[in-house]
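It should be emphasised that the depicted structure is a prediction, and the values quoted were computed from it without experimental measurement.
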Amino acid sequence: MQKIKELFNDDLVEKEVDTRGWIYRWRESGKIIFIVLRDSTGIIQVTVSRDNVSEEDFNSAKSAGIESSVIVSGIVKKDERAPGGFEILAKKFKVIGLSQNFPITKDKSDEFLLDMRHLWLRSREMTAVLKIRSTIFDMLHDFFRKEGYYEVQAPMFVSSAVEGGSTLFEVPYFGRKAYLTQSSQFYLETFIFSLENVYTVAPSFRAEKSRTRRHLTEFWHLEAEAAWIGNDDMMKLEERMIMHVIEGILEKNREELILLKRDISKLESLSLPFNRMEYADVIKIGKDVGLDLEYGADLGADEEYAITQKFDKPTFVIHFPKEIKPFYHRPDPENPSVVLNHDLLAPEGYGEIIGGGERIYDLNELLQRIKEENLNPEDYSWYIDLRRYGTVPHSGFGLGIDRLVWWIAALDHIKYAVPYPRNVRRLVP
RNA sequence: GCCGCCGUAGCUUAGCUGGUGGAGCGCUCGGCUGUUAACCGAGUGGUCGUCGGUUCGAAUCCGACCGGCGGCGCCA
């Protein structure tokens, strides 16, 4: 039994092979049936001629519809008329699982395909995205293992927010209220006191009614936290991580990028270091391109778009005013009105994929910031505790893995980067 | 939360200055021994999102409701 991709081989021409898969295209022309067979590796044309198979097998091929699963034996032929230049002249054709009329035909709306996602996953486009996605997860784990980070697991059920409170999904929990985690950051900070360098890959949940091409209510979050590391070193780690992923994709997924019509040269031309821009400078540039932006305002979609169109590689925006960032970011000792943080914006208009920075490690400074933000210290008691027992300088970040997939595959909407996207309306399939 | 837009056959849609709803794909049957999202012929399929209003007459005009899409904000 051979995989379809292996059949595109001159050494196999005129040899008999066995292969199996699903019917991707089906055409009949009198006494000859053309079937394009699909498996996880690719597609190949199978020609079923009445002269070369038994009547029973010919009738099987005649009755088998799109997406029926079949096993075929036949001779490999080189033929210009076949898509890809090779085909199998069938000698035996057995249907394993007959397919009823497949609901997905040539005209398809986004919404219909989302309703049919459990079947649309079989499409060549989704298969390509899923292969890219698999490589990205693989390369992220590979990177952190090589860097000496430990993989840890934080709880998904939590009792309170990391930041703010409006974005949490509430779930009943044996008579109490629990929430689905929106970030594992605070838990990761607890691990660094023993493991020092840690990361986790897990879903995060945000109950925002976002209606944009870059938001999901459930997304895969890579978060890392490291003791004794400052903001600059954390950015260096992140840019190496992104490059490691890109290199893996260029090595393993060229075929998929081509199928998705991704401009590969834009990935090939990436190099270190990535750009770095002060928040204050972003505001200036924004004014140059006609954006009405005051210092102290958070960067919106228009600003991100302007910045990421301007550069052909990812850009770190650093040193935001402390007022627009969560309380745990460490103010810059040189200029306490800004924090030692960074957002990483992907190029080509994709925007923010990472948010991170240095955390406040001094107990009193942390208590002061909690007070300034009118938060209740009791809600953060165990987090504050970490500053009481041998605190250390440390930094961390969170990466939206689905957004990374979205950018690398150059997809229009994040829902194409995820097999079963979740948003405010969609829960099925 | 805010601002736009859309619901017509299984799917994609035309019809929207009111006068008995068309097409392509799919599906069924037939034809074709080299098709490439094949082609040719015949057939099949619609309470025009729901409810109410205007009118002699509503897919079309008005209102409410339901469902959905796009963008902003929020962020990864």
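- Only A/E111, A/F112, listed by number, bring a heavy atom of residues 111-142 of chain A to less than 4.0 angstrom from any atom of RNA chain B.
- Here the C1' atom of nucleotide B/rC72 and the CD atom of A/E352 are 16 Å apart, to the nearest Å.
- Ring centroid separation for the pair A/F327 and A/H329 does not come in under the 6.0 Å cut-off.
- Remark: P of B/rC69 and CZ of A/R426 are 7 Å apart, rounded to the nearest angstrom.
- Here the separation of B/rA9 from B/rC25, taken at their C1' atoms, is 12 Å to the nearest Å.
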Under 3.5 Å between N/O atoms: give me all the protein pairs with nucleotides 40-43 of chain B, atom names plus distance.
none

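- For B/rA64 and B/rG21, the C1' atoms lie 26 Å apart once the distance is rounded to whole Å.
- Among the heavy atoms of the strands lying under 4.0 Å from A/S109 are primed sugar atoms or P, OP1, OP2 only; no base atom is included.
- Other residues, nucleotides and ligands contribute over 12 non-hydrogen atoms within 6.0 Å of the NZ atom of A/K313.
- Per the geometry, NE2 belonging to A/H413 stands 15 Å off P belonging to B/rG68, to the nearest Å.
- The ring of A/Y150 has its center no closer than 6.0 angstrom to the ring center of A/F144.
- Of the residues in residues 2-9 of chain A, none has a non-hydrogen atom less than 4.0 angstrom from any atom of RNA chain B.
- The base of B/rG70 sits within donor-acceptor range of the side chain of A/R211, with an N or O pair under 3.5 Å.
- Here B/rG71 presents its C1' atom at 15 Å from CD of A/E304, a figure rounded to the nearest Å.
- Counting non-hydrogen atoms of neighbouring residues, nucleotides and ligands closer than 6.0 angstrom, the NZ atom of A/K91 reaches no more than 12 such neighbours.
- Rounded to an integer number of Å, the gap from A/L216 CG to B/rC74 C1' is 14 Å.
- In this structure, the aromatic ring of A/F219 is positioned over the six-membered ring of the base of B/rA76, centres within 5.5 Å and planes within 30°.
- Within 4.0 Å (heavy atoms only), A/D79 reaches at least one base atom of the nucleic acid.
- Contacts with RNA chain B (heavy atom under 4.0 Å) in residues 49-63 of chain A: A/D51, listed by number.
- Distance A/Y350 OH to B/rA76 P: 20 Å, rounded to the nearest Å.
- A centroid separation of 6.0 Å or more is found between the aromatic rings of A/Y279 and A/H319.
- Straight-line distance from the NE2 atom of A/H215 to the C1' atom of B/rG70: 15 Å, rounded to whole Å.
- Looking only at side-chain heavy atoms (C-beta outward), A/L168 and A/L180 stay at 4.5 Å or farther from each other.
- Proximity of A/I242 to A/F274: side-chain heavy atoms (C-beta onward) are separated by under 4.5 Å at one or more points.
- In this structure, A/Y199 and A/R145 have side chains that are in contact, with non-hydrogen atoms separated by less than 4.5 Å.
- Distance check on atom P: B/rA14 versus B/rC51 gives 24 Å, rounded to whole Å.
- As rounded to whole Å, 11 Å separates atom P of B/rC66 from atom CZ of A/R425.
- No hydrogens or angles were tested; on distance alone, a donor-acceptor pair under 3.5 Å links the side chain of A/S210 to the base of B/rG73.
- Comparing B/rA59 with B/rC2, their C1' atoms sit 32 Å apart, to the nearest whole Å.
- Residue A/K415 places at least one side-chain N or O closer than 4.0 Å to OP1 or OP2 of B/rG70.
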key: Watson-Crick or G-U pairs under 3.5 Å in RNA chain B, rendered as dot-bracket with [ ] for crossing pairs and | for another strand   = (((((((..((((.....[..))))((((((.......))))))....(((((..]....))))))))))))....

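- Taking 3.5 Å as the limit, the base of B/rA76 and the side chain of A/R206 contain a donor-acceptor pair of atoms between them.
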Can you tabulate the close N/O pairs, meaning under 3.5 Å, that link protein atoms to atoms of nucleotides 22-31 of chain B?
unit_1	atom_1	unit_2	atom_2	d
B/rG24	N2	A/D107	OD2	3.1

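- Heavy atoms of A/E87 sit under 4.0 angstrom from at least one base atom.
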